[in-house]
Each structure stands twice: as structure tokens, then as C-alpha cells.
Asks: 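Here it is: the structure, laid out below.
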Number of protein chains: 2
Amino acid sequence: MLLYLPIVTIIMDGLYANLRLQVNDSIYLKNPESSDLGQRIISGSIELISEMGFESFTFKKLAKSIGSTEASVYRYFESKHKLLLYLTAWYWAWVQYRILFATANVPSAEERLMRALDVALGVHEVDIQFPHIDEQKLYHLVVAESSKAYLNKQVDEINDQGVYTSYKDLVELIGKIILEIQPEYKYPHMLVTTVIEGANHQHFFAEHLPRLTDVVCGEKGITKYYQNMVLTLIKAS
Amino acid sequence: MLLYLPIVTIIMDGLYANLRLQVNDSIYLKNPESSDLGQRIISGSIELISEMGFESFTFKKLAKSIGSTEASVYRYFESKHKLLLYLTAWYWAWVQYRILFATANVPSAEERLMRALDVALGVHEVDIQFPHIDEQKLYHLVVAESSKAYLNKQVDEINDQGVYTSYKDLVELIGKIILEIQPEYKYPHMLVTTVIEGANHQHFFAEHLPRLTDVVCGEKGITKYYQNMVLTLIKAS
DNA sequence: CAAATATAATAGCATTACTATCGCTTTTGT
DNA sequence: ACAAAAGCGATAGTAATGCTATTATATTTG
């Protein structure tokens with residue numbers, strides 16, 4: 001962290017603090033960032049869930065893999081569903097932070113939109129700021145499991161606690177850039193969620209159900225497809 | 001059934017048989033259409049899952065609600081996940097059948113595309129042909145639970161057994177109409193899955209997470225949005 | 001250095017997701 | 001018409017899951 005130039009450090013520290021706050025504290029019983037065990041719970045769960053899937057994942061297996069006990073994990077998260085909520089909320093807060101950083105001081109709204117989508121639509125490098133988090137595996141987890149964070153019967157309760165705020169804020173952020181380019185566009189939220197969820201699905205389909213997608217070139221092919229989609233739609237309106 | 005004109009009856013009988021065949025027989029141990037208990041399993045599970053969510057749903061609760069036993073239900077489906085696969089496969093086969101019917105003898109490809117999307121993007125009336133199935137509740141179930149049918153670690157195995165064929169065929173069918181209108185369009189499958197999954201999500205968001213969507217007018221508002229999206233994109237290419 | 005806090009270790013419990021067995025009834029092939 | 005087969009309900013049982021409780025031992029903090 002000390003290697004960065006002052007201005008960068010200041011911006012990053014500010015956002016880093018914000019990023020922590022973004023992960024709503026009603027998700028956890030004890031903040032996993034606050035201890036070594038907590039950080040092992042996060043890194044271990046990313047590893048295990050992305051490897052074996054959320055259904056097969058249990059706190060007992062997690063505890064074993066990080067050399068702790070089931071009861072200790074329960075002191076941080078009251079259920080494995082809450083832990084999934086934490087991981088996805090963290091991911092969207094992280095994406096939002098990177099978008100703010102990638103679009104700062106860029107005057108063209110269209111350029112900012114393309115950069116925001118580039119970050120929001122997947123395929124990430126590692127972020128040295130968070131050594132306990134493997135961003136590649138976390139993205140893989142988000143693709144396969146994140147919809148289970150809201151596709152359940154407790155969604156309204158959880159929503160009332162503000163747990164989905166980091167995702168909503170991200171959608172809002174990108175939606176606002178769209179409105180800068182085309183203030184007449186009526187459906188910015190629908191468009192943003194359609195392309196974010198769409199990109200997730202296409203990544204999954206490309207790996208498992210190729211007949212549901214099309215061959216696109218390069219690892220950013222899906223991103224390019226949806227960037228083009230957004231531009232075409234807002235300009236046609 | 002006897003009330004229909006001969007030509008209609010012939011077409012429907014043919015498609016009805018096809019529709020049964022579409023639900024891949026490796027999904028079930030015993031065909032639920034073949035007995036009264038089987039049909040009660042289907043109608044009871046649609047009722048229960050859409051009411052309490054897939055996670056809370058158990059074969060024990062289902063058995064109780066239809067006046068049977070857990071062991072008897074297991075004679076039809078080897079797991080609750082297989083039952084979910086059956087319900088979603090049935091749904092997509094039903095959508096495909098209705099698209100074939102709605103687009104038959106319509107010369108304009110654009111008109112056929114709009115009709116196909118109108119059927120594929122949700123909001124359905126009852127279909128008197130299937131008295132044991134409440135199509136409204138089934139659609140509600142598909143919106144909230146269908147992605148769990150493929151978002152799991154067994155997806156490749158299940159896919160090898162051909163279980164997702166009815167969804168793939170539906171995507172293929174609509175994709176082909178797109179190519180009739182615009183043979184140059186490179187990504188018909190991506191576009192079709194994007195709008196189908198997108199419409200599902202928007203229906204869910206409208207009910208539970210309104211900040212992730214936009215106010216659209218009328219019960220077909222979401223459908224109209226995506227119909228317009230598809231037309232705009234294929235014409236812009 | 002005492003008090004508070006964090007963690008590990010163990011036990012326990014209700015529920016879930018199945019499997020197995022048995023006997024009664026209905027269907028089916030001949 | 002009748003035996004064989006299949007379908008179903010009833011009951012029991014099992015390993016795993018999701019979670020709670022208790023106690024003892026470290027570790028941190030005031």
C-alpha cells in the first residue's frame with residue numbers, strides 16, 4: 001500500500017473504507033475482516049464453494065479445510081446463506097469501487113460507460129489490496145451461485161435489512177452514466193441488470209451449455225457483445 | 001378436445017405427443033403423466049414449490065399435501081432436484097408447443113418473432129389441455145426457481161442425459177426466426193437467452209427488488225421492452 | 001495481572017434426503 | 001377368469017445437514 005503515490009493512496013483509502021462499509025453489517029455476526037480466523041473463513045469459503053458448489057458446501061467442511069471448528073464459523077455467520085450474501089455483496093462493492101476508480105477524471109460519458117461495463121461484466125485480474133481474496137475464484141462463484149442470494153423466500157426480509165444495497169448502488173451508478181449519454185432513455189435499471197445477469201449467464205453457458213450461447217472471440221468477447229448492445233439500444237431510443 | 005376443428009385437433013394431437021416426448025424420460029423413474037398419483041405429484045409440487053420455495057419444499061410435505069407417502073413419491077422421482085428439472089423441462093416444452101401453434105401459417109418472419117417472444121417471455125393464460133397443471137403458478141415457479149435447475153455441480157452430467165433439450169430447442173427455434181429476418185446476425189442464441197432470462201429476472205425484481213428494474217406500463221410491459229430490444233438489435237447489425 | 005474476549009473441542013438435536021421392507025390392492029396378460 | 005406383476009401405503013431406519021449449547025483453554029486488553 002505504501003508504494004502508491006499520495007493522491008492514489010488517499011483515494012484508495014477513502015474507497016477502501018467505504019467498501020468495508022458497503023458490506024452491510026447485518027449480514028454477519030462478527031466482521032470477518034476483523035480477525036485472522038475471519039479472513040480464513042472468507043478465503044476458505046471462496047475456495048470451497050467455487051470448487052464444490054453451494055449446495056454441497058457446509059460449515060463443517062469449511063471448518064476442517066481452514067483448521068477450525070463448525071461452532072467457530074457460526075460465530076461469524078449465522079448460516080451458510082448469510083455467508084453467500086456476504087461474498088456477493090463484497091463482490092459488487094468491489095466492482096463498484098473499481099468502476100469509480102476506472103472512470104475517475106474521464107470526461108467522456110460514453111468512455112466512462114464502456115469502462116464501467118468492462119469492469120461490471122466480468123473477467124478480472126487480481127487486486128493486490130485484498131490478499132485474502134482470490135478474485136478469479138470469487139467471480140467464478142458469483143457466476144454460478146450469486147442468483148441464489150436473492151432467489152429465495154426470505155428475499156423481502158433480507159432486502160429490508162439493506163443487504164442488497166451494494167448491488168443496487170452498482171446498478172444505479174451505471175444507470176446514471178447511461179442517462180448522461182441519453183437522458184431520454186426510460187429503462188436504465190432494466191438494461192443494466194439485463195446485461196450484468198446476461199454476462200454471468202453467458203459465461204456459465206459457455207462452460208457448460210454451449211448450445212445456449214454463440215462462439216465469441218477472445219476472453220472479453222462476451223463483454224464486447226454487451227457493451228455494443230448497450231450502446232446500440234440507448235442510441236436507438 | 002373434441003370441440004376443436006379437425007385440422008386443429010390433428011396438429012394439437014401431434015404436438016401434444018411430441019410435447020410428452022420432449023420431457024426427457026431420464027428425468028423420472030416412472031412417468032408422472034401415467035397415473036393419478038403421478039399427476040397429483042405434479043400439481044401438488046407446483047403448488048407447494050411456488051408457495052414455499054424450492055429450499056423449504058420436501059417430498060414429505062408434498063406427500064402429506066397430496067395424501068400419499070414419501071416413499072411413493074420417490075417411486076416417480078429420485079430426488080427433488082429431478083422433479084424441478086421435470087417441471088422446468090415441461091414448461092419449456094409447453095412454451096415451444098405454443099410458439100409453434102402461434103406462429104403456424106404466419107408469413108411474416110417479424111410477426112412470427114414477435115409472437116414467439118410474446119409466448120416465451122411470460123405471463124400466460126390457462127391451457128385447458130392440461131387440467132392438472134396450473135400454468136400461472138408454474139410460471140411463478142419458473143421465474144423464481146428455474147435457474148437452480150442448471151446452476152449446480154451436476155450440470156454436465158445432467159446435460160449429457162439430454163435433460164436440457166427442451167430449453168435448447170426453444171432457444172434454437174426462436175434463434176432461427178431471428179436468422180430469417182437478419183441472416184447476418186451473429187449471436188442469435190446469446191440474444192434469445194439474454195431476453196428470456198432477462199424477462200424472468202425483471203418479473204422477479206418487479207415483485208421483490210424494484211430498485212433493480214423500472215416502472216413499465218401494463219402486464220405485458222416487460223415483454224414489450226424485450227421485443228423492442230430484439231428488433232432494435234437485429235436491425236442495427 | 002485481572003478481566004474480558006476469542007477460539008477449540010465436544011456433544012447433542014431436529015430435520016432432511018434418502019433406502020429398505022412388507023403386505024395389501026389394483027391392473028394386466030393369457 | 002385367474003395368476004403374476006405392478007402400484008401403493010405404512011413403517012422403520014440411516015447418514016448427513018444445519019444449527020445450538022457448554023466448557024475449557026488461549027489471547028488480548030484495561
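Quick caveat: nothing in here was measured; it's all calculated off a predicted structure. As a basis for the values below, the full set of heavy atoms in this structure was taken, side chains included, without hydrogen atoms, waters or symmetry mates.
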Asks: Without hydrogens or angle criteria, can the side chains of B/Tyr76 and B/Ser35 be said to hold a donor-acceptor pair below 3.5 Å?
Replies: yes
Asks: Over how many whole Å does the gap from B/Leu83 atom CG to C/dA17 atom P extend?
Replies: 12 Å
Asks: Counting just side-chain N and O atoms, does A/Ser68 come under 4.0 Å of either OP1 or OP2 of C/dA8?
Replies: yes
Asks: For A/Ser79 and B/Ala71, take the nucleotide of DNA chain D holding the closest heavy atom to each; which residue's nucleotide lies nearer the 5' end?
Replies: B/Ala71
Asks: Is the closest basic N to carboxylate O distance between B/Asp169 and A/Arg211 below 4.0 Å?
Replies: yes
Asks: Which is true for B/Lys30 with a 4.0 Å heavy-atom rule: it touches a base, it touches only sugar-phosphate, or it touches nothing?
Replies: sugar-phosphate
Asks: Separation of A/Lys60 atom NZ from C/dT10 atom P, in whole Å?
Replies: 12 Å
Asks: To the nearest 10°, let me know how far the axis at one end of the helix from C/dC1-D/dG30 to C/dT30-D/dA1 is tilted from the axis at the other, five pairs an end.
Replies: 30°
Asks: So what does B/Phe59 hit on the nucleic acid, given a heavy-atom distance under 4.0 Å: a base, only sugar-phosphate, or nothing?
Replies: nothing
Asks: To the nearest angstrom, how far is A/Ile41 atom CD1 from C/dT7 atom C1'?
Replies: 11 Å
Asks: Give a yes/no on whether any side-chain N or O of B/Tyr76 is located under 4.0 angstrom from OP1 or OP2 of D/dC8.
Replies: yes
Asks: Heavy-atom contacts under 4.0 Å between residues 48-56 of chain B and DNA chain D, which residues?
Replies: none
Asks: Going by distance alone, is a donor N or O of one side chain under 3.5 Å from an acceptor N or O of the other, for B/Thr213 and A/Tyr187?
Replies: no
Asks: Using the side chain to side chain contact (heavy atoms under 4.5 Å, CB included) definition, which of the options B/Thr193, B/Asp156, B/Val171, B/Asn159 pairs with A/Leu209?
Replies: B/Asn159
Asks: D/dA6 C1' sits how many Å from B/Leu29 CG, rounded?
Replies: 15 Å
Asks: Output the rounded distance in Å from CD (B/Glu78) to P (C/dC18).
Replies: 8 Å
Asks: For atom NZ of B/Lys220, decide whether the heavy atoms of other residues, nucleotides or ligands shown that lie under 6.0 angstrom number more than 12.
Replies: yes
Asks: Looking at A/Lys61, does any N or O in its side chain come under 4.0 Å of the phosphate oxygens OP1/OP2 on D/dT17?
Replies: yes
Asks: Between A/Thr69 and B/Arg75, name the one whose nearest nucleotide on DNA chain C is closer to the 5' end.
Replies: A/Thr69
Asks: Using a strict 4.0 Å threshold on nitrogen-to-oxygen distance, state whether A/Asp118 and A/Arg98 make a salt bridge.
Replies: no
Asks: From the options C/dT7, C/dA17, D/dG18, select the nucleotide whose nearest atom is closest to the side chain of B/Lys80.
Replies: C/dA17
Asks: Roughly how many Å is it from CZ in B/Phe77 to P in D/dG7, rounded to a whole number?
Replies: 15 Å
Asks: Using atom CD of B/Glu70 as one end and atom P of D/dG13 as the other, report the distance to the nearest whole Å.
Replies: 15 Å
Asks: Answer yes when B/Glu51 and B/Lys137 have at least one side-chain N-carboxylate O distance shorter than 4.0 Å, and no when they do not.
Replies: no
Asks: Nearest whole Å is fine: how far is C/dA6 C1' from A/Ile66 CD1?
Replies: 14 Å
Asks: Looking only at side-chain N and O atoms, does B/Tyr86 offer a donor or acceptor that is under 3.5 Å from a partner on B/His81?
Replies: no
Asks: What orientation do A/Trp90 and A/Trp94 show, parallel under 30°, tilted 30 to 60°, or perpendicular over 60°?
Replies: parallel
Asks: In terms of heavy-atom contacts, does NE2 of B/His140 have more than 12 from other residues, nucleotides or ligands at under 6.0 Å?
Replies: no
Asks: Give one of base, sugar-phosphate or nothing for B/Ser72, where a contact means two heavy atoms less than 4.0 Å apart.
Replies: base
